[in-house]
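In what follows, a single structure is set out as structure tokens and then discussed.
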2 protein chains.
Amino acid sequence: MEPTKAAQRAQAKAEYNAFLAACPSRRLLDRISDKWVVLILCALGGESPDAARAMRYSEISRLLAGVSQKMLTQTLRALEHDGLLTRTVTPTVPITVTYELTDLGLSLHQLTGGLRQWAQTNMDQILANREAHEAARG
Amino acid sequence: MEPTKAAQRAQAKAEYNAFLAACPSRRLLDRISDKWVVLILCALGGESPDAARAMRYSEISRLLAGVSQKMLTQTLRALEHDGLLTRTVTPTVPITVTYELTDLGLSLHQLTGGLRQWAQTNMDQILANREAHEAARG
DNA sequence: CAGGATCCCGCTAGATACTG
DNA sequence: CAGTATCTAGCGGGATCCTG
């Protein structure tokens, strides 16, 4: 009679449906389907799972070329709020703030890292597709 | 002296770096890190890899509750342009247009489907994190 | 009636300048 | 160094119109 873990997991899966606009998971999916979220997770997560490390604000800012301070701060705060990363303030002079992925953030990094990998791996194919598509219909 | 396939792959990986703002793969990553892209891929890809199927415009529109016609059309065209899906017009009355993932689109669906799954699986944890975070600092 | 193009508006991303 | 505050332009989104 005791519910198995598999049954509990199936139950949890059935609870949320990201296709429904009103479902909380839909809003969560919208949030993580964001270019800055993906890039920040890729930065903090490193190339391999064990390469994750804490980074300073300026370090992230430098790595993610093109990000504005506003979007970086805003996105970091949102990720902290959701428990995907921790923000640590060290009162040195000048002040030091580091960001580090939580276990939950690391689990999501498995996926976002895949996105980055996919983009880099299939870039040539996509470029070829675009050319073919443009040639086909001008 | 002949380059191995692994070496060629490593070379291809080194070519693109999604962290660089000027790199084409960065723009590609920005594109696929988009909520409508993710949802459309999830819709056309189905729950399991073999559940992928062609869908009509109105069918997608209904499934992705909350998407505007403009964004749906715009995103579908962009995905077609990149070769992630095909657009097929059947001259019935009234006209029928179906969209279907290509192999490349299916490969990306492996990842976006994971995002959706992750959002639905970790929703409860995130909600708990938010509450804890708000309680901690009002 | 399905499919989509166009116009208009509000919001938000992003650049710039300023502060603890 | 690590942010906040302010302003503007461009994008997202709804209403409307067009076409087969």
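So you know, we letter chains A, B, ... as the sequences are listed, proteins then strands, and number each from 1.
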Minimum-distance nucleotide to [X] side chain [options: [options]]:
X	options	answer
A:I95	D:dC1, C:dG3, C:dG4	D:dC1
A:R56	D:dC1, D:dG3, C:dG3	D:dC1
A:S58	D:dG12, C:dA15, D:dC1	D:dC1
B:K70	D:dA2, C:dA15, D:dG13	D:dG13

Would you kindly say whether A:Y57 and A:T73 are connected by a side-chain donor-acceptor distance under 3.5 Å?
yes
Please tell me whether B:Y16 and A:T121 have a donor and an acceptor in their side chains that are separated by less than 3.5 angstrom.
no
For [N] and [X] - does any side-chain N or O of the residue sit under 4.0 Å from the phosphate oxygens OP1/OP2?
X	N	answer
A:R87	D:dA2	no
B:Q74	D:dG12	yes
A:W36	C:dG14	yes
A:R77	D:dT4	yes
B:Y57	C:dC1	no
B:Y99	C:dG4	yes
A:K35	C:dG14	yes

From CG of B:D34 over to P of D:dC11, roughly how many Å is that when rounded to an integer?
13 Å
How many Å lie between CD1 on B:I60 and P on C:dG3, as a whole number?
9 Å
Tell me the closest heavy-atom pair linking A:M55 and A:I60, and the distance in Å.
CB-CG1, 3.8 Å
Write down the atom of B:T98, the atom of B:R56, and the distance for their closest heavy-atom approach.
CG2-CG, 4.0 Å
